[in-house]
> 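Would you mind keeping the following structure in view while I ask a few things?
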Amino acid sequence: MTASPHACAFDAVREFLGRVFTTAEGESLEAVAKLKLSFTQARVVFTLAHHDGPVAIGDLAGAVGLSAAAVGRNIEQLVRKKLVVRTENPEDRRVKLVAVSALGRSLAESHLKSKEDAVRTLLDALEPEQCLALVEALKPLKEEVSDVN
């Protein structure tokens with residue numbers, strides 16, 4: 001039985017992403033390990049780095065799929081490591097806001113850069129025509145993502 005086009009596309013994308021992550025993770029995880037961050041703490045820092053300003057702890061908890069209490073415990077450790085800054089909401093002092101610090105943003109940017117470098121390395125092995133074909137093939141996915149936002 002022949003696999004469907006969707007299954008073939010899924011397999012190709014999964015294989016590509018697997019190569020990207022395998023190539024990139026060593027370097028980026030070294031920085032996380034050096035700071036002695038848990039996986040959850042790294043996720044919190046990386047999630048906060050996608051926001052331009054402070055985020056309520058409850059909203060952050062929803063974004064990372066944890067309870068507010070669990071995120072709060074991780075935030076406490078991240079504040080001590082100077083990766084996150086915690087403030088009170090000026091409109092409601094009961095609400096704590098958190099934002100990534102300059103050090104935390106640098107960590108997140110380094111993590112992202114390692115993935116981008118891995119993609120560039122894989123793409124550099126392609127012929128120009130193959131790169132253009134890839135751009136065309138990815139257009140529907142880019143449009144789909146734009147529609148969701």
Side-chain angles (χ1 to χ4, degrees), residues 6-126 130-132 134-149:
H6 290 91
C8 291
F10 175 81
D11 289 343
V13 170
R14 181 181 60 194
E15 184 177 331
F16 172 73
L17 291 177
R19 288 182 66 196
V20 168
F21 294 141
T22 300
T23 303
E25 289 305 319
E27 183 181 317
S28 65
L29 290 180
E30 260 183 53
V32 170
K34 191 165 44 170
L35 291 169
K36 297 182 178 163
L37 297 180
S38 69
F39 177 72
T40 298
Q41 291 167 347
R43 278 181 51 213
V44 167
V45 171
F46 299 153
T47 300
L48 284 173
H50 288 289
H51 291 83
D52 292 329
V55 177
I57 288 180
D59 294 340
L60 178 60
V64 295
L66 296 171
S67 70
V71 170
R73 287 189 298 273
N74 283 283
I75 290 294
E76 187 64 40
Q77 295 169 7
L78 292 170
V79 167
R80 277 191 241 126
K81 293 176 189 260
K82 301 186 183 328
L83 294 168
V84 169
V85 178
R86 181 180 44 217
T87 58
E88 290 180 348
N89 183 335
E91 297 167 9
D92 184 350
R93 293 178 38 185
R94 296 171 296 171
V95 176
K96 303 300 180 213
L97 301 174
V98 290
V100 69
S101 68
L103 181 60
R105 186 164 304 284
S106 175
L107 175 67
E109 287 172 353
S110 171
H111 183 74
L112 178 60
K113 185 179 180 317
S114 69
K115 287 184 174 46
E116 290 173 344
D117 290 348
V119 171
R120 281 189 183 91
T121 298
L122 292 171
L123 295 177
D124 285 346
L126 298 179
Q130 292 172 308
C131 289
L132 293 175
L134 183 58
V135 168
E136 286 302 311
L138 292 175
K139 277 184 181 178
L141 292 177
K142 185 177 177 184
E143 292 167 5
E144 184 70 26
V145 169
S146 298
D147 291 344
V148 173
N149 294 329

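Note that the coordinates shown come from a computational prediction; the quantities given were computed from them, not determined experimentally.
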> Are any non-hydrogen side-chain atoms of Leu48 and Leu78 less than 4.5 angstrom apart?
no
> Just how far is it from atom CG of Leu83 to atom CD of Gln77, taken to the nearest 0.5 Å?
11.0 Å
> For side chain to side chain contact (heavy atoms under 4.5 Å, CB included), just list the numbers for Thr47 and Leu60, CA-CA rounded to whole Å, side-chain angles, deciding distance to a tenth of an Å, and then say yes or no.
CA-CA 8 Å; Thr47 300; Leu60 178 60; 3.8 Å; yes
> If you measure from CG on Asp124 to CG on Asp117, what distance do you get to the nearest 0.5 Å?
10.0 Å
> Find the distance between OG1 (Thr87) and CZ (Arg93) and round it off to the nearest 0.5 Å.
12.5 Å
> Is the backbone N or O of Arg73 less than 3.5 Å from a side-chain atom of Glu76, with the two atoms forming a donor-acceptor pair by type?
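No; zero donor-acceptor contacts below 3.5 Å.
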> Considering non-hydrogen atoms only, spot the tightest contact between Ala108 and Ala49 and give its length.
CB-CB, 3.4 Å
> Would the distance check show the side chain of Lys81 and the main-chain N or O of Lys36 forming a donor-acceptor pair, the cut-off being under 3.5 Å?
yes
> For the CG atom of Leu37 and the CZ atom of Arg43, what is their distance to the nearest 0.5 Å?
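Reported to 0.5 Å precision, the distance equals 13.5 Å.
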> What distance separates Arg86 CZ from Leu97 CG, expressed to the nearest 0.5 Å?
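These two atoms lie 11.0 Å from each other.
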> Pair Val100, Phe46 - check side chain to side chain contact (heavy atoms under 4.5 Å, CB included), show working.
CA-CA 8 Å; Val100 69; Phe46 299 153; over 6 Å; no
> Tell me whether Ser101 contacts the main-chain N or O of Lys82 through its side chain, where contact means a donor paired with an acceptor under 3.5 Å.
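Checked: pair present.
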> Other residues, nucleotides and ligands only: do more than 12 of their heavy atoms fall within 6.0 Å of CG on Asp52?
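No - once you tally the heavy atoms of other residues, nucleotides and ligands closer than 6.0 Å, there are 12 at most.
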> Has Ser110 got a side-chain atom pairing as donor or acceptor with Ser106's backbone, closer than 3.5 angstrom?
no
> How close do Val95 and Ala56 get, counting heavy atoms only, and between which atoms?
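Nearest pair, atom of Val95 first, then Ala56: CG1-CB, 3.9 Å.
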> Is there a side-chain contact between Val71 and Val64 in this structure, where contact means two heavy atoms from C-beta onward sitting under 4.5 Å apart?
yes
> Looking at CG of Asn74 and OG1 of Thr40, how far apart are the two atoms once the value is rounded to the nearest 0.5 Å?
5.5 Å
> Looking at every non-hydrogen atom in both residues, tell me the closest pair between Leu126 and Cys131 and how far apart they are.
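Leu126 and Cys131 have their closest heavy atoms at CB-SG, 3.9 Å.
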> Go through the steps for Asp11 and Arg14 under the test side chain to side chain contact (heavy atoms under 4.5 Å, CB included), then give the verdict.
CA-CA 5 Å; Asp11 289 343; Arg14 181 181 60 194; 3.2 Å; yes
> Which pair of heavy atoms, one from Pro54 and one from Ala99, lies closest together, and at what distance?
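Scanning both residues completely, I find the closest heavy atoms to be CA-CB, 3.9 Å.
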